[in-house]
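We name chains A, B, ... by the order of the sequence lines, and we start the count at 1 in each one.
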Amino acid sequence: MVVTGPFNSGKTAFIGSVSEIPVVRTERRVTDNTRAVKDQTTVAMDFGRITIDKDLSLYLFGTPGQKRFDFMWEILSEGMLGFVVLIDSARPETFREARRILDTFRTYSNTPFVIAANKQDDEDAWPPEDLRIALGLDQGMRVLPCIATRKESVKAILLELLYGILENVAEEQPVPARKR
Amino acid sequence: MALKGNLKDVGLNQLLNLIYLAHKTGALTIHRDAGSVAARLYFKEGKLIQTALDGQTARLTDIMVQVGKLTADQAKAIRARSKVDTDKELGLLMIQNNVLNQADIIQGVKNYLLESVYTLFTWHTGTFRFDPNVLPAEERITVAVSLDHLIIEGSRRVQEWEHLRDELPDLDVPLKFAERPDVNIRNINLSVEQWKVISFINSRNTIRQIASFLKMDEFQIRRIVYGLQTAGLVDVLPSTLTPGASGPVPLPPPAPPPVGRGVLLRVIDRLRKI
């Protein structure tokens, strides 16, 4: 699964919340004007893992957030099951960029995706439904509340994405009831 | 929870669309520049009900004068008879004195609200804040105006703005009078604003400087200069801006990875347990 989103949207924290291994980070000091937002940023990818059983693992890849590293996006999107677009709900100046990232990933792959309205614990956070309207997203696109630093919140996002993927797979057995 | 942001990131039309679709109640406050006067729009269940510009809500008599339904003298006479100076009382005095009827008043207020908001569509920078459940003072009149028409008209004005910006991308260039002997100046009628701009045309003044002298925003100056330009009266030096290179051509979507249902169910089961 790929976790994408604008700069400082919380991708590294999202993967770190559920990965059973310390997230393999490729962070470097920020040297441009985005330094005012944070000191370090992902330049290649973040990498996390959840072992399902002895012969199956779920890998989470976080894309770099800054635009000049977007050549990595297409590489990371190859063979993905689905993707999560993380949005910093408290920074409307990043909404347009989030929409651009979403549209770009949809041209790479027709796999299912969910939009996670992150930082819902911030008092300036836009509610998910307002965010969906502001981004001009269709009713059918799922925008879910998220706090990337909380494991249960991240699990809920990943499960929602997995259910979406499951709906696209040929029917073999009934889909279990969604538990939160 | 207040919604905050900048108009360059979320435009007024997007905000109105959000308020309309989410049936929001509250006050949208917009500051054009830091520390500048604000416009405040009040909404109830997704409809515009009142505006306050420059920090003040206009009295009903002022509104009726502004939309041309009362003369200044009539408004003064009505206010002189008023005891508590609420819009309700002012409206009743207008009706009782056969100056206006109820339909005139409602239509006048609607027109005033619409025009107030239309002027805001030319604001392309500034900060906004939406405070839910904040309503206007009770002594001022409220009339519910549906936002669908406003949004359509706003889109038209935004398109006009974008068109003007394409036609005049660079404001840091001077204007010069056109040397076209075929243009018959005698047949051209100019507005007061156009005359004001013309009076500043020389090789030292850029369009931006003229706008600054005349206290016009970018939309106003672009519209006037574009009008003068298309009438063949002025020329603008060509912009040095070059159009940006087109973006990469998107790749065709690859086929989804072959993942079995059983594998997905194992992943879901494991994820629930961590």
Q: Supply the atom-to-atom distance B/L18 CG to A/L135 CG, rounded to the nearest 0.5 angstrom.
A: 10.5 Å
Q) In terms of heavy-atom contacts, does NZ of B/K47 have more than 12 from other residues, nucleotides or ligands at under 6.0 Å? A) no
Q | Qualifying residue for side chain to side chain contact (heavy atoms under 4.5 Å, CB included) with B/V267, from A/L158, A/L56, A/L81, A/L159 | A | A/L56
Q. Salt-bridged, A/D55 to B/R266, with N to O below 4.0 Å?
A. yes
Q. Are there more than 12 heavy atoms of other residues, nucleotides or ligands under 6.0 Å from atom CZ of B/R208?
A. yes
**Q.** Donor-acceptor under 3.5 Å (A/K155 side chain, B/I274 main chain)
**A.** yes
Q. Quick one: what part of A/E20 sits under 4.5 Å from any heavy atom of chain B, side chain, backbone, both or neither?
A. side chain
Q: Look at A/I165, A/D130, A/T104 and state which one has the largest set of heavy-atom pairs under 4.5 Å with chain B.
A: A/D130
(Q) On a heavy-atom basis, which atom in B/R270 and which in A/I50 lie closest, and how many Å separate them? (A) CG-CG2, 4.3 Å
Q. What pair of heavy atoms forms the shortest contact from B/K4 to A/P92, and how long is it?
A. O-CG, 3.0 Å
Q. Given that the side chain runs from C-beta out, which part of B/F128 has a heavy atom under 4.5 Å from chain A: side chain, backbone, both or neither?
A. side chain
Q: Could you look at B/L15 and say if it's the side chain, the backbone, both or neither that has a heavy atom under 4.5 Å from chain A?
A: side chain
Q) Using non-hydrogen atoms only, which part of A/E123 is less than 4.5 Å away from chain B: side chain, backbone, both, or neither? A) backbone
Q: Using a cut-off of under 4.5 Å on heavy-atom pairs, state which of A/T94, A/V18, A/D124 scores highest against chain B.
A: A/D124
Q) side chain to side chain contact (heavy atoms under 4.5 Å, CB included) between A/I133 and B/Y20: does it pass, once the steps are laid out? A) CA-CA 10 Å; A/I133 296 171; B/Y20 172 60; over 6 Å; no
Q. What distance separates A/I157 CD1 from B/L271 CG, expressed to the nearest 0.5 Å?
A. 11.5 Å
Q) Can you say whether B/K8 sits under 4.5 Å from chain A via the side chain, the backbone, both, or neither, judging by heavy atoms? A) backbone
(Q) Under a 4.0 Å threshold between the charged nitrogen and the carboxylate oxygen, would A/R91 count as salt-bridged to B/D9? (A) no
Q. Is the NE2 atom of B/H163 crowded by more than 12 outside heavy atoms at less than 6.0 Å?
A. yes
